[in-house]
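A short write-up of the structure that comes next.
So that the names make sense, note that chain A is the first sequence line, chain B the second, and so on, each numbered from 1. The model shown is predicted, which means the values in this text are computed figures rather than measured ones.
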Amino acid sequence: MEYNFNEIESTWRKKWEETELYKVSTESSKPKYYVLDMFPYPSGSGLHVGHPLGYIASDIFSRYKRLKGFNVLHPMGFDAFGLPAEQYAIETGQHPRTSTEKNIEYFKDQLQNIGFSYDWSREVITCDPSYFKWTQWAFLQMFDCWYDLDADCAKKISELVDAFANGGSESVNGSHGEHEEFDAEQWNSMTEAQQQKILMQYRLMFQAESEVWYCEALGTVLANDEVKDGLSERGGHPVHKKKLRQWFLRTTAYAERLLGDLDELDWSDSMKEMQRNWIGKSYGASIHFEIIGHDKTFEIFTTRADTIFGATFMVLAPEHDLVKEITTVAQKEKIEAYLGYVQKRSERDRMSEVKVVTGEFTGAYAKHPFTGEPVPIWIGEYVLASYGTGAIMAVPSDDDRDNAFAEKYGIPIVDIIDKSKYPGAGRSDKLGIMINSDFLDGMEVPDAIQLITSKLEEMGIGEGKVNFRLRDAGFSRQRYWGEPFPIVYESEDIDSVPMTLPESALPLSLPEIDTYAQSSDGRSPLAAIKDWVEVDGKFRETDTMPGYAGSSWYFLRYMDPENDDAFVGEQAVNYWKDVDLYIGGTEHAVGHLLYSRTWHKFFYDMGLVPGKEPFRRLVNQGMIQGRSSIIHRIQGENKFVSAELKDQFECSPLHIPIKYVDAKDHLDIEGLRSWRSDFETAEFEQFQGHFKCDHEVEKMSKRLHNTVDPNEVIARYGADTFRMYIMFLGPIEDSKPWSINGIEGTAKFLKKFWRLFVKEGELIVNEDQASPGELKTLHKTIKKVDHDLSTLGMNTCVSAFMVCVNELTAAKCHKREILEPLLVLLAPFAPFITEELWSRLGHEESVHKYSYPVHDEAHLKEDNFEYPISINGKMRTKIRLPLGLEEGLAKEQVLSDETVRKWIEDKELRKFIYVKGRIINIVV
RNA sequence: GCCCAGGUGGUGGAAUUGGUAGACACGCAGGACUUAAAAUCCUGUGGGCAGUAAUGCCCGUGUGGGUUCAAGUCCCACCCUGGGUACCA
């Protein structure tokens, strides 16, 4: 009987489930190892072939680690709150829970088909009350804490209250928002509400006003994703920004530690670099400028204080608090028009616009602190309220955008740095000699920065300062499908002080509702459920938490998923500690990975977890992209033309399901007719007897009709072949388009592997002694696979297996001595076929519980090497030489070679390079 | 725009991290087995030029420069593609 993957895979899948083969216990004498996949969001289109790239790699690695004697935690669960389910609910009326549960069910079925070794008893689902109870609990802990910058850790709010009562605001150095200074006496005479307002400026979960995209026509708040070019993506309605009171996570308190602790992590340099750049620590100075004719100053941050004599104008962010106050009557109309324009601009648009800078003059002037000259104050969209102080001193001579701005609005440009000493230095390079700068003249830039900073400090108008680009993370969503906040208010008034619910009130569940659309004022749909909102004369918070709330700590819950008394039990977290290997995409580089690190550090400060960092080693997997098929419709007609003809008509492109298109991009017209009713009667104009589609490589998505369900592939080739094929495609870090072409190669490989063991249904493995050649084949494979697995080079492992099986087949080797270790070696990659053959070989226990083979160098020894001989860097011939040969003897042999002599002829021998075991290069 | 990554045969990719470019596969071509097909197996396969042939030479890792005995690998500049850009997850 041939290799029958269907039967084998369903048998073992069942057996493994019955025997709970993959169940993990926290009680073990073995060393622990935690392998984690990034939490999937169970979307409506199911798992597609792109997802398992990382999952297969992590599964292979988990199985490998188990065979190496580790107690491996390898769990899976679902990040189940989120926008798509809610959007689906708005469209269909189906409860997000219902559609989410259905999606999870299908995802799990797909995952199980692939043969993953997850311990499903540890499954975690974020929208499950037993889980989000602890997400809400974590929120309460952070709400009840502040960050002490001197002690560099989070502390309970009660300590802060004590400090204020005894020594006022001066007595602590906490990470905080803005408030007036106060002494102990003032604090003690404040009302409860006044005190709470100040405490809010210190809490790690705090409230502040911030803007959201709001669409009047849809009556909803929109995500950045849903806004395109100032219009809503759905419907194309105008949108504008709206200010709301919202929750925030004080990520900035941890900025320094988030940055510093990166050093100890085993992450790729590029990933660390992205986080460093995101945190964006910069050294500079803050400077206060007086506004002429006003009793006010404003603060700017600059990394180039040295350029202050070139500051010919100031720019405030359009949102800056002072804009309304300082705008003169004459400029009012223009400023308001400009503010209207900015209302519709996204931050990304504002940042990426470099060709056309825009701004408006407020009519007000700042006083230059050294020259006393008036400096005009402008507003401009390129200055963001969220970075630094939301205000800059503009130096057109040494900053590209300031320069473009000055050019456009006719503002003077004063050269203040002589760069002639540094040819090639750009406008913004910190190089050169100061000129036109009074007491700074003649100094090098770095020295000038130092001097001017101390001068500013002396004058009491500025100081050296460290600035972070990192912002506090918005933690509110005006949505239904998320964790409700365990918060109530005295009244619905905007200034009402939030009060926490006791832990005993958790989990606070979502009410059932009729409509998922938001209320017309931009509040969440929850706001409309009066009998949920009002409790005991108080009013609930109606925002819900963002998607990243649940995913910021899920890896801890896997350690102890059923614990009702704690988010994770002490014993469990002290055993498992942290994630040893985390595999996921780079798309999470600065979002999820930064938030999780922040939460983890908070838990660490509270003494709840043993380590500072959650993810020791991180590996980024690439994406498997889809190959979309596109046909061309003649505009205004129900007629389509083959791709060669599209330029002859006014056509619009249309994505169609890839299953109706063959490998040559030719369309199955009848198939497509059966897909959707509008194609039934459509006309298709062919070209030379075929109808050709265009194609495009882009991300796999249901919307683009280019997804491929792994279940289809598994039904045809089996899970083992699928797993090996996905790994064979290339390094897991790379993205590549999905193509089924080539899967035959891995399918053939497994059949060939099977035939080493079984012929016509009979086991043909014998007990003969292995030859040195066979041992060499086996041991070089063990060495290579073991090595490549440690760096997650699964693709080269698969090649090594192919080479090995090819060699053994050629040698007609059916020896147990060779085949058994090989079987164990392959088990992590192809768990089903190896388990089947293992049991046929007479083993009672699973191959997945065996131990990993060790290679023996003795079988790999070579005593000579065929050297490539290069002449002037070009390979000309090969000569076999003993490996330990002395250079002198080698030279003698090589130079007497006929081919070598032909190349050298009568030229002068300049150099003889002899790299033992590598290469010989002769320079003439 | 900014940050990060990646460009190697018709295709996916390999290359011991500066040392034989194209391993291993797919595809394609030819052949064996077969009444035929499937399956399986064998041979060839980067491009060009010369030769009946064995073979030989030249070119070749996105583009243009550079360093080196030696560059896919290191340096500089540029082009293209993908990811992120703070409310998609």
Measuring only the [atom1] atom in each nucleotide, how far is [N] from [M]? A whole number of Å is fine.
N	M	atom1	answer
rA25(B)	rC80(B)	C1'	28 Å
rU45(B)	rC26(B)	P	16 Å
rC41(B)	rC24(B)	P	15 Å
rG10(B)	rG83(B)	P	26 Å
rG9(B)	rA23(B)	P	13 Å
rU73(B)	rG6(B)	P	13 Å
rU68(B)	rC75(B)	C1'	12 Å
rG7(B)	rC74(B)	P	11 Å

(message) Starting the side chain at C-beta, find the nucleotide from rC3(B), rC26(B), rC57(B) nearest to Asn277(A).
(response)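 The answer is rC3(B).
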(message) So if I take every side-chain heavy atom of Ser270(A) and compare against rC69(B), rC4(B), rU20(B), which nucleotide ends up nearest?
(response) rC4(B)
(request) Could you encode protein contacts along nucleotides 83-89 of chain B as a string, one character per nucleotide from 5' to 3', using B for base contact, S for sugar-phosphate-only contact and - for no contact, with a heavy-atom cut-off of under 4.0 Å? (result) SSBBBBB
(request) Classify every nucleotide of nucleotides 13-18 of chain B by which part a protein heavy atom approaches to under 4.0 Å, writing B for the base, S for the sugar-phosphate alone and - for neither, in 5'-to-3' order. (result) SSSBS-
(message) Please check if the number of heavy atoms outside Lys344(A) that lie under 6.0 Å from its NZ is greater than 12.
(response)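 Atom NZ in Lys344(A) is not crowded, with 12 or fewer foreign heavy atoms closer than 6.0 Å.
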(message) Tell me whether the count of non-hydrogen atoms from other residues, nucleotides or ligands lying under 6.0 Å of NZ in Lys408(A) goes above 12.
(response) yes
In whole angstrom, what separates [X]'s [atom1] from [N]'s [atom2]?
X	N	atom1	atom2	answer
Arg276(A)	rA5(B)	CZ	P	12 Å
Asp269(A)	rC3(B)	CG	P	17 Å
Arg876(A)	rU55(B)	CZ	P	17 Å
Asn806(A)	rU40(B)	CG	P	13 Å
Ile743(A)	rA25(B)	CD1	C1'	12 Å

(request) Starting from the 5' end of RNA chain B, give me the residue, Gly742(A) or Ser739(A), whose nearest nucleotide shows up first. (result) Ser739(A)
(request) Could you say whether Val923(A) or Ser352(A) is positioned toward the 5' end of RNA chain B, judged by the nucleotide with the nearest heavy atom to each? (result)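 Its nearest nucleotide being more 5', the pick is Ser352(A).
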(request) Can you measure from CZ (Arg479(A)) to CG (Leu83(A)) and round to the nearest 0.5 angstrom? (result)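 That separation rounds to 4.5 Å.
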(request) Mind telling me if rU52(B) is syn or anti? Syn here is a glycosidic angle within 90° of 0. (result)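 Because its glycosidic torsion lies more than 90° from 0, rU52(B) adopts the anti conformation.
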(message) Please check this pair: side chain of Gln275(A) against backbone of Ala589(A), looking for a donor-acceptor N/O pair closer than 3.5 Å.
(response) yes
(request) Kindly say whether, by distance alone, the side chain of Asn921(A) makes a donor-acceptor pair under 3.5 Å with the base of rC69(B)? (result)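 Indeed there is one.
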(request) Using only side-chain N and O atoms of Arg755(A), determine if any of them is under 4.0 Å from OP1 or OP2 of rC41(B). (result)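 So the side chain of Arg755(A) is within the cut-off, an N or O lying under 4.0 Å from OP1 or OP2 of rC41(B).
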(request) Ignoring backbone atoms, establish whether Lys874(A) has a side-chain N or O less than 4.0 Å from OP1 or OP2 of rC58(B). (result) no
Should the ring pair [X] and [Y] be called parallel, tilted or perpendicular, given that the plane angle runs from 0 to 90° and is split at 30 and 60?
X	Y	value
Tyr131(A)	Trp553(A)	parallel
His240(A)	Tyr214(A)	perpendicular
Phe132(A)	Phe81(A)	tilted

(request) Report yes or no: do Lys752(A) and Asn806(A) form a side-chain donor-acceptor pair below 3.5 Å? (result)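 Note: Lys752(A) and Asn806(A) side chains meet the donor-acceptor criterion.
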(message) Salt bridge check, Glu483(A) against Arg477(A): does any charged N sit closer than 4.0 Å to a carboxylate O?
(response) no
(request) Could you tell me whether Glu898(A) and Arg901(A) have a side-chain N and a carboxylate O separated by less than 4.0 Å? (result)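 No, this pair does not count.
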